[in-house]
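Working notes for the structure below.
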Amino acid sequence: LFRCSTSTAGRPHLWREAQYSRRRISCRVPLPPVRPQGLRAFRCPRAMGSGCAGASKPEPLSPSPKAPSRTVPGLFDHIATAPPDPILGTSIAYGADTDPRKINLGIGAYRDEAGKPYVLECVRKAEEALLADTGTTVNKEYSTIDGPPSLKTLTQRLIFGDDCAAIAEGRIASVQGLSGTGSLRVTAEFIKSFMGPESHEIWVSNPTWGNHNTIFAKAGLAVKTYPYYKPETRGFDFEGMLKALKEDAPEGAHILLHACAHNPTGVDPTEDQWKEIAAVMKQRKLVPLMDSAYQGYASGSLDKDAFAVRLFMSMGFEMYMCQSFAKNLGLYGERIGMLHVVCDSVDAANAVLSQLKMVVRPMYSSPPVHGALLVQRILGDQASLEAWKTELKEMADRILEVRSLLRKGLEEKGTPGAWNHITDQIGMFSYTGLTEKQCERLISEHHIYLLKSGRISLAGLNKANMQYMVDCVDEVVRACPPETVESLSSPRSLA
């Protein structure tokens, strides 16, 4: 920090230049009278052609006293730096890349054909209606601990169906959660606090969404895995899953099930396979914990994507359902979701709800209002609901088209390997089968950002970048061929 020998209107010209960037900051900006560390002396910017009379003799200010060396360790010196989140780290690297060809296939958020974030039209209209009502029927007061009663009924009907007996009989305890993640966390805390020791074991698919394991472990549950993905076919390991449910999972254990559009693989059981899974779980007295993040977004049909959920309900399961509106309504940042606990009696549901509130209260006190109001407006108005269904179908169809174009491009180019799994899978993600080396090469050489497990978010692809994607995948597959099929036999952990 320096003071020029002249001044303007009685104020000395104070200026500085950062050594690391050589970026000058005008002396017209008021600065504190202490020289920060790491700054160097340069001529006053006003002296450079601006007529500053003190151009020839800048006077450095006295530097600040040197900080004394520490003799006692700092309170937080023992804290180690956490590793970056795989998905968020990928997005940060993408943002820093200046190559115009770059593609982000890491984050699970929908993009339109132009590669831009998409706000659904039904959401825009709901926002306009809320704004018009703000200050009259809409305010910014706290919500209740468990969320609005009407939100509970609307979201129950969406996932369980209008003719669900448990809804009519009042046997479902529901609380609004912080999207799917928060709903899962409340569920895990409830299980640990109120269910017996035999229930403190939860089985998740291998692989699963990376946050699942952390959520349950943080609540003190023992996390186990059942086989799910078969690398040789890049499909569903149905036999492996059934064997684990029959022989390994103990009675009373919780089984995490992806309701549709499995993340990360995009591999779902068929309807007949779901029936067999449900029958085994019923016989073995295993407890379903279903995670529904993609209802309507997988197939384009809200009812078709709810098949597994409604099947389990029809078989009389007591179960947990975690429901998110981040993906299918595009409300990623609103953090709006629901936890539904299906009980066998009204009394049990009332008791469960009372204890769920006691979990929520010290955790985040009450849920956000805005996302809940949007969901209520859309689900509670028939015209808005129908408009949403139309938009959902368009979104799902675009992803299906991307799958078709990617497979077609790779097959027409003669890229080594089989690529039918791209269209066999469903939902936002594809488990491509690319090896870690191939993924690293896509990132470093071609500026295509994806998880090193080979999972890609298909929403990041469109007609404009599809050929570049095909060409680059072809190049890395030829440059880094997998040694053997077995090299892919252990799905890698991912988020």
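Atom set for the values below is all heavy atoms of this structure, side chains included, hydrogens, waters and symmetry mates excluded.
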Check: Leu130 main-chain N/O paired with Thr134 side-chain donor or acceptor under 3.5 Å: yes
Residue pairs passing the ring pair (Phe, Tyr, Trp, His ring centres under 6.0 Å) test where at least one lies in residues 140-179, sequence neighbours excluded: Phe160-His340
Side chain proximity check, Ile456 to Leu406, heavy atoms < 4.5 angstrom: yes
Ser183 and Gln323 side chains, donor-acceptor separation under 3.5 Å: no
Step-by-step side-chain contact (heavy atoms from CB on, under 4.5 Å) determination, Leu302 to Leu158: CA-CA 8 Å; Leu302 289 165; Leu158 180 72; 3.9 Å; yes
Qualifying side-chain hydrogen bond (donor to acceptor under 3.5 Å, both in side chains) pairs with a residue from residues 344-362, counting only residues at least two apart or across chains: Arg361-Ser365
For Ile448 against Cys472, the heavy-atom pair lying closest together: CD1-CB, 3.7 Å
Side chain Thr423, main chain Asn420, donor-acceptor under 3.5 Å: yes
From Thr390 atom OG1 to Leu385 atom CG, the distance as rounded to the nearest 0.5 Å: 9.5 Å
Least distance between heavy atoms, Asp305 atom then Ser299 atom: OD1-OG, 2.7 Å
Side chain to side chain, Lys152 and Leu353, heavy atoms closer than 4.5 Å: yes
Gap separating the CD1 atom of Ile277 from the CG atom of Leu286, nearest 0.5 angstrom: 12.0 Å
Within-4.5 Å side-chain heavy-atom neighbours: Ser205 and Leu257: no
Test log, rule salt bridge (charged side-chain N to carboxylate O under 4.0 Å, His left out), inputs Glu386 and Lys389: CA-CA 5 Å; Glu386 293 303 319; Lys389 290 179 180 179; 3.5 Å; yes
Of Phe236, Phe238, Trp209, the residue whose pairing with Tyr228 passes ring-ring contact (aromatic ring centres under 6.0 Å, His included): Phe236
Heavy-atom check, side chain of Phe307 versus side chain of Lys275, under 4.5 Å: yes
Aromatic ring proximity, centroids under 6.0 angstrom, Tyr320 and His254: yes
Partners passing side-chain hydrogen bond (donor to acceptor under 3.5 Å, both in side chains) against His421 (at least two apart in sequence or in another chain): none
Any residue meeting salt bridge (charged side-chain N to carboxylate O under 4.0 Å, His left out) with Asp133, in chain and number order, not counting sequence neighbours: Arg377
Inter- and intrachain pairs under side-chain hydrogen bond (donor to acceptor under 3.5 Å, both in side chains), touching residues 236-245, at least two apart: Lys243-Glu247
Leu245 and Trp203, any side-chain heavy atoms less than 4.5 Å apart: no
Heavy-atom donor-acceptor pair, Ser193 side chain to Glu189 backbone, under 3.5 Å: yes
Salt bridge Lys230-Glu232, side-chain N to carboxylate O under 4.0 Å: no
Atom NZ of Lys125 with >12 non-hydrogen neighbours under 6.0 angstrom: no
Contacts of type side-chain hydrogen bond (donor to acceptor under 3.5 Å, both in side chains), residue Lys393, not counting sequence neighbours: Asp397
Minimum side-chain heavy-atom gap Leu442-Tyr449 below 4.5 Å: no
Row check, Tyr94 ring normal vs Lys102 NZ/CZ: under 6.0 Å, within 45°: yes
Aromatic plane relationship, Trp274 with Phe312 - under 30° parallel, 30 to 60° tilted, over 60° perpendicular: perpendicular
Distance, nearest 0.5 Å, that separates CG of Leu329 from OH of Tyr297: 12.5 Å
Separation of Ser143 OG from Gln176 CD (nearest 0.5 Å): 5.5 Å
Contacts of Glu276 that satisfy side-chain hydrogen bond (donor to acceptor under 3.5 Å, both in side chains) - sequence neighbours left out: none
Side-chain heavy atoms of Pro288 within contact of Ile255, under 4.5 Å: no
Test ring pair (Phe, Tyr, Trp, His ring centres under 6.0 Å) applied to Trp388 - qualifying residues, sequence neighbours left out: none
Trace of the side chain to side chain donor-acceptor pair (under 3.5 Å) decision for Thr265 with Gln425: CA-CA 7 Å; Thr265 67; Gln425 297 166 2; over 6 Å; no
Asp248 with Lys224: basic N within carboxylate O range, under 4.0 Å: no
Candidate pair Arg403 and Arg407, rule side-chain contact (heavy atoms from CB on, under 4.5 Å), full reasoning: CA-CA 6 Å; Arg403 287 185 179 278; Arg407 175 183 174 179; over 6 Å; no
Pair Val186-Leu356, side-chain contact (heavy atoms from CB on, under 4.5 Å): steps then yes or no: CA-CA 8 Å; Val186 170; Leu356 286 173; 4.1 Å; yes
Nearest non-hydrogen partners of Phe216 and Ala188, listed with the distance: CD2-CB, 3.7 Å
CD1-CG distance between Ile159 and Leu154, expressed to the nearest 0.5 angstrom: 14.0 Å
Pairs where residues 110-141 contributes a residue and the test ring pair (Phe, Tyr, Trp, His ring centres under 6.0 Å) is met, not counting sequence neighbours: Tyr110-Tyr118
Residue list, salt bridge (charged side-chain N to carboxylate O under 4.0 Å, His left out) with Glu113, at least two apart or on another chain: Arg398
Heavy-atom check, side chain of Leu221 versus side chain of Lys192, under 4.5 Å: yes
Worked verdict on Ile422 versus Thr432 for side-chain contact (heavy atoms from CB on, under 4.5 Å): CA-CA 7 Å; Ile422 293 176; Thr432 61; 5.8 Å; no
Exercise: identify the closest heavy-atom pair between Met290 and Ala259: CE-CA, 4.2 Å
Pair listing, side-chain hydrogen bond (donor to acceptor under 3.5 Å, both in side chains) test, anchored in residues 277-295, at least two apart: His212-Asp291
Arg455 to Tyr431, cation-pi by 6.0 Å centre distance and 45° axis angle: no
Residues in side-chain hydrogen bond (donor to acceptor under 3.5 Å, both in side chains) contact with Asp268, at least two apart in sequence or another chain: none
Separation of Asn206 CG from Asn213 CG (nearest 0.5 Å): 9.0 Å
Candidate pair Ser324 and Ser179, rule side chain to side chain donor-acceptor pair (under 3.5 Å), full reasoning: CA-CA 5 Å; Ser324 168; Ser179 199; 3.2 Å; yes
